[in-house]
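Side chains included, hydrogens not; waters and symmetry mates left out as well; all remaining heavy atoms used. Order of the sequence lines fixes the chain letters, A, B, ..., with proteins taken first and strands second; residue numbering starts at 1 for each chain.
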Amino acid sequence: MGKFIVIGERIHCISPVIKQAMDTRDPAPILKRAKEQIDAGATYLDVNIGPAEKGGEDLMKWAVQTIQSEFDNIPLCLDTANKKAIEAGISVYNRSKGKPIVNSADAGDRIENIDLAAANDAIVLALCSKAGISSDNDERMGYCQEMLERGMGLGMEPEDLWFDPLFLVIKGMQDKQMEVLSFIKDLADMGLNSSGGLSNCSNMMPKNIRPIIDSTMVAMAMFCGLTSAIANPSDLRLMETIRSADVIKNNTLYADSYLEI
Amino acid sequence: MAFKQVPQKFTAKINPLTIGEGADAITLGGENVLPFYSFDAAIDNAPKIGIEISDNGYAANIPGIAEFYAGAETLPEIAKKAAAAPGVDFLAISMEGAHPDNGDRPVDECAKLVSDIAAVVNIPIVIEGSRNVEKDAKLFEKLAEALQGKNVLFLSAREENYKSIAAAAGLAYSQKIGAESAVDINLAKQLNVLISQMGVKTDSVAMNLGSAAAGYGFEYVATTIDRVKSAALAQNDNMLQMPIVTPVASETWTVKESIVSEEDFPEWGSSEERGINMEIATAAACLAAGSNAVILRHPESVATVSKLIAALI
């Protein structure tokens with residue numbers, strides 16, 4: 001097994017600084033966040049440009065080229081509801097350090113993003129849901145199978161579909177947490193890759209609590225076989241936990257300085 | 001159904017490490033496949049063989065070796081003969097005579113010796129230590145200076161002395177560093193981390209993961225090399241992607257099978273043949289496990305292992 005893949009989530013248009021940088025095509029704030037995340041241990045960087053209905057293609061191209069040219073073609077996860085913007089991003093994407101990730105498809109309205117990934121030899125994040133949250137693991141597995149078949153039918157390798165179990169907020173859905181973990185185990189038993197927005201589980205919790213919950217969740221999810229997460233690499237506790245779990249899982253060889261590399 | 005070959009090549013690769021200069025320079029590593037899996041992807045740099053002499057000369061107690069070096073009186077003459085042996089890619093000089101308990105040759109005298117050798121030998125040079133960590137720290141600093149521009153590999157930076165060796169040989173004189181650990185995968189990785197944290201580029205570093213003669217705990221050596229290669233290739237661990245250099249002769253020429261006389265063990269046959277066989281068997285096993293270079297002593301072993309490599313790649 002390879003190392004756990006952290007997709008850094010901090011280049012997101014929901015942040016006012018990033019939003020403004022994207023609007024004015026100012027590279028500095030974006031490159032700063034990119035560097036912080038890379039230095040902290042992110043493997044991929046998520047680039048969320050929002051719905052980007054207008055000018056999304058130009059914006060995604062600019063973002064991809066700006067980030068990749070500065071950071072040795074770091075692999076990126078292209079995150080927007082605008083399909084044309086994702087395609088435009090991929091058209092200028094350098095894949096020497098890893099395939100682009102299409103973020104994201106589901107078994108409902110966004111299922112065609114699987115086709116997009118297949119046509120562009122990309123990885124796709126495949127949310128195991130259709131409309132709203134799946135009611136149980138049978139439903140999740142049904143969507144997973146549907147998307148897997150669709151991708152393979154289009155010539156994708158199964159390892160290029162990263163299934164998202166959908167982490168659920170603990171405050172309000174505490175009784176569903178073990179079910180999500182059990183689904184991750186099911187995916188792992190099938191040899192499938194998985195990823196998802198980890199920090200959703202600690203949503204609405206106090207700031208000082210979130211790293212504790214996030215890192216506990218990631219450790220439990222990694223035990224179940226989670227192979228990646230969209231997360232905040234600048235959260236030291238989280239990254240220490242991931243690195244330690246990678247050592248315990250024998251995903252990476254231990255050295256005394258393992259937390260520093 | 002027809003067999004469909006799926007090449008097992010990795011996106012990660014072993015760092016290519018060039019030693020020596022000019023037309024005789026050689027490159028260790030660079031492959032992105034398991035050892036000898038040239039059917040999965042081309043292996044541009046076949047494993048290399050070094051021939052070992054020491055600051056005291058050659059192993060005169062082995063008849064075949066003494067015969068090979070016959071007529072060579074001075075160390076440069078010995079080095080020239082060694083370098084010309086069929087199948088040799090580089091010259092390894094063990095500084096055993098610098099060990100405080102084994103002659104304690106002064107640092108300046110050592111520097112003069114290796115400079116004299118470097119003046120007459122064109123193939124790349126690898127310096128092995130005296131096996132005394134304090135002495136090596138001082139010794140390598142001086143030798144790195146004396147051999148400036150020769151792009152030499154200094155093989156024995158250990159946990160106890162890597163700082164001074166990396167600073168002098170790696171940083172000040174731009175030579176290559178060999179991180180030495182004794183069959184300890186975690187320490188092997190840790191040393192690479194520490195050396196790179198000092199500012200030495202990872203592609204200027206080789207690893208000596210330790211060795212043992214076949215039958216003397218060799219399983220540990222084989223599994224260590226194997227685990228390191230799989231971390232480097234399958235797990236893309238850039239702190240383990242350094243090429244592996246394994247001194248074989250220093251282990252195999254000390255074990256009973258290689259040294260007890262034919263008079264004492266007539267049923268075992270010629271002691272020299274036994275010694276050569278141990279050296280060849282151990283070297284072949286190291287190469288199969290993933291060593292990018294082996295260091296041997298007997299010219300016949302060098303020639304045989306060289307043929308083995310040529311036949312497999």
For this session: Begin with the C-alpha distance, continue with both residues' side-chain angles, and end with the deciding distance and a verdict on side-chain hydrogen bond (donor to acceptor under 3.5 Å, both in side chains) for Gln235(B) and Thr252(A).
Result: CA-CA 7 Å; Gln235(B) 298 184 327; Thr252(A) 180; 5.3 Å; no

Exercise. Yes or no on side-chain contact (heavy atoms from CB on, under 4.5 Å) for Lys97(A) and Thr11(B), after CA distance, side-chain angles and deciding distance?
Worked result: CA-CA 9 Å; Lys97(A) 293 289 163 70; Thr11(B) 48; over 6 Å; no

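Taking a 6.0 Å sphere around NZ of Lys99(A), one finds it holds more than 12 heavy atoms contributed by other residues, nucleotides or ligands. Counting heavy-atom neighbours within 6.0 Å of Glu159(B) CD, excluding the residue itself, gives a total of 12 or less. Applying the 6.0 Å contact sphere to CZ of Phe71(A) captures more than 12 heavy atoms from other residues, nucleotides or ligands. Taking a 6.0 Å sphere around CD of Gln68(A), one finds it holds more than 12 heavy atoms contributed by other residues, nucleotides or ligands. Heavy-atom contacts from other residues, nucleotides or ligands closer than 6.0 Å to CE of Met141(A) number more than 12. Counting non-hydrogen atoms of other residues, nucleotides and ligands closer than 6.0 Å to NZ of Lys83(A) gives a total above 12.
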Please report, to 0.1 Å, the donor-acceptor pairs under 3.5 Å made by any side chain of residues 36-43 of chain B, with sequence neighbours excluded.
unit_1   : atom_1 : unit_2  : atom_2 : d
Asp40(B) : OD1    : Gln8(B) : N      : 3.1
Asp40(B) : OD2    : Gln8(B) : N      : 3.3

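Looking at Leu253(A), the atoms closer than 4.5 Å to chain B (heavy atoms on both sides) sit in the backbone and in the side chain alike. Leu240(B) touches chain A through its side chain: at least one heavy atom from C-beta onward sits under 4.5 Å away, while N, CA, C and O do not.
Residues of residues 177-188 of chain B that come within less than 4.5 angstrom of chain A, heavy atom to heavy atom, are Ile185(B), Asn186(B) in numerical order. Contacts with chain A (heavy atom to heavy atom, under 4.5 Å) involve these residues of residues 198-231 of chain B, listed by number: Arg227(B).
We find the CG-CD1 distance between Asn192(B) and Ile261(A) to be 9.5 Å, quoted to the nearest 0.5 Å.
Across all their heavy atoms, Gln190(B) and Asp256(A) have their closest contact at OE1-N, 2.9 Å.
Applying the ring pair (Phe, Tyr, Trp, His ring centres under 6.0 Å) test to every pair with at least one member in residues 239-261 of chain A, sequence neighbours left out, gives these pairs: Tyr254(A)-Tyr258(A).
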